[in-house]
Amino acid sequence: MSAAAYYNHKIWAVKPYILLFFCFFTVKNVFAQHGDYGYGNSQDIIKQNRVKTLAIYYFRNELDSTLTAINTFDSWGNLLSYKKFSKDGNVITSDTSIYDANHYLVKKIQYEGNKEKHVMTYINNADGKLLSQTVVGDSMYYYNSTIYDENGRLIKAITYGNNVDTTLYNSFYNKKGLLVKNIILDKINGNTVITTDYNAKGRIASKKKVVPGSEYFTVFKYKPNGDNYVVTTTVTT
């Protein structure tokens, strides 16, 4: 199971007869509405308008609506809590997020109904880059750790757990700071080596990917203005 599965919230599926939806949010104790759910997901807009609570409804018509989710935010626009409701108004899933003094996410607790399902803890460096993520609960353990160089570039990452493959990523850069090699050590699927060459203008000229049993070689060509116009991949097995 990947880390991405714990970052994303699924919104209740819209049935064909639902025509439109609105987001209601509280701004400085003033009740307002907006018709674009993406608005409610924008941290910058949430912070700018000092939104504290966002309620999401689906409208079948002017008189028939259903509350599907409620989000709450801090003064920095960070999501503090999320609740997803069933048609009859019961809480299906929810989560609570905790941030440090620098407003970086350090813990998230996920629930199914009233039962705690997963606890996710995060450690960040001073620049806010994720150093490690741990997920425990519901018979699951997941751990991901990352290491950066002095320029903030990812050079190593390790992932393991009882429901994921143990994988080690190593990244290497040239003197210009361009990524030239990735080595992925995977105990389950075998190792992968990706090497990248660049042209004089710093654009990717070719990539070679070697996986167990196969080799992929890709050549990139560019127009004078820098636009890519030819990508050729050769596969050897």
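All values reported here derive from a predicted model rather than from experimental measurement. In this chain, numbering begins with 1 at the start of the sequence shown.
Residues Tyr82 and Leu105 share a single hydrophobic cluster, defined by chaining ILVMFWY side chains whose heavy atoms lie under 4.5 Å apart. Neither Val180 nor Val210 shares a network with the other; the hydrophobic side chains, linked directly or stepwise wherever heavy atoms of I, L, V, M, F, W or Y lie under 4.5 Å apart, form separate groups for each.
The backbone N or O of Tyr142 lies less than 3.5 Å from no partner atom in the side chain of Gln133, so there is not a single donor-acceptor pair. Counting only distance, with no hydrogens or angles, the side chain of Thr93 and the backbone of Lys84 share no donor-acceptor pair below 3.5 Å. Within the 3.5 Å criterion, the main-chain N or O of Val51 finds no donor-acceptor partner in the side chain of Asn49. Side-chain atoms of Asn199 come within 3.5 Å of backbone N or O of Lys201 as a donor-acceptor pair. Counting only distance, with no hydrogens or angles, the side chain of Asn102 and the backbone of Gly128 share no donor-acceptor pair below 3.5 Å. In this structure a side-chain-to-backbone donor-acceptor pair under 3.5 Å is missing from Ser86 to Ile92. In this structure, the side chain of Tyr160 does not engage the main chain of Tyr141 through any donor-acceptor pair within 3.5 Å. Asn182 places no side-chain N or O within donor-acceptor distance of the main-chain N or O of Tyr169, the cut-off being under 3.5 Å.
For Lys117, the side chain to side chain donor-acceptor pair (under 3.5 Å) criterion is met by Glu112, not counting sequence neighbours.
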Show the numbers, then the answer: is there a side-chain hydrogen bond (donor to acceptor under 3.5 Å, both in side chains) between Asp127 and Asn125?
CA-CA 5 Å; Asp127 297 323; Asn125 64 16; 4.7 Å; no
With side-chain hydrogen bond (donor to acceptor under 3.5 Å, both in side chains) as the criterion, how do Thr218 and Thr233 come out once you've worked through the C-alpha distance, each side chain's angles and the decisive distance to 0.1 Å?
CA-CA 4 Å; Thr218 304; Thr233 300; 3.0 Å; yes
Give the C-alpha distance, both sets of side-chain angles, the deciding distance and a yes or no for side-chain hydrogen bond (donor to acceptor under 3.5 Å, both in side chains) between Asp227 and Asn225.
CA-CA 6 Å; Asp227 292 342; Asn225 64 1; 3.0 Å; yes
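Val235 shares a hydrophobic cluster with Val211, Tyr216; the chain of contacts runs through ILVMFWY side chains whose heavy atoms sit under 4.5 Å apart. Other residues sharing the hydrophobic cluster of Val106, ordered by chain and number and joined by side-chain separations under 4.5 Å: Ile98.
Here the CG-OG1 distance, from Asn189 to Thr167, works out to 7.5 Å after rounding to the nearest 0.5 Å. The distance from the CE atom of Met140 to the NE2 atom of His118 is 5.5 Å, given to the nearest 0.5 Å. The OG atom of Ser132 sits 8.5 Å away from atom CG of Asn144, with the distance rounded to the nearest 0.5 Å. The CG atom of Leu178 sits 5.0 Å away from atom OH of Tyr198, with the distance rounded to the nearest 0.5 Å. Between atom NZ of residue Lys52 and atom OG of residue Ser75 there is a gap of 5.0 Å, rounded to the nearest 0.5 Å. Interatomic distance, CZ of Phe217 versus NZ of Lys207, reported as 12.5 Å (0.5 Å rounding).
Classified by interplanar angle (parallel below 30°, tilted 30° to 60°, perpendicular above 60°), the ring pair Phe220/Tyr222 is parallel.
Across every non-hydrogen atom of Asp74 and Asn78, the tightest pair is OD1-N, 2.8 Å.
The closest side-chain donor-acceptor pair between Asn90 and Asp88 falls under 3.5 angstrom.
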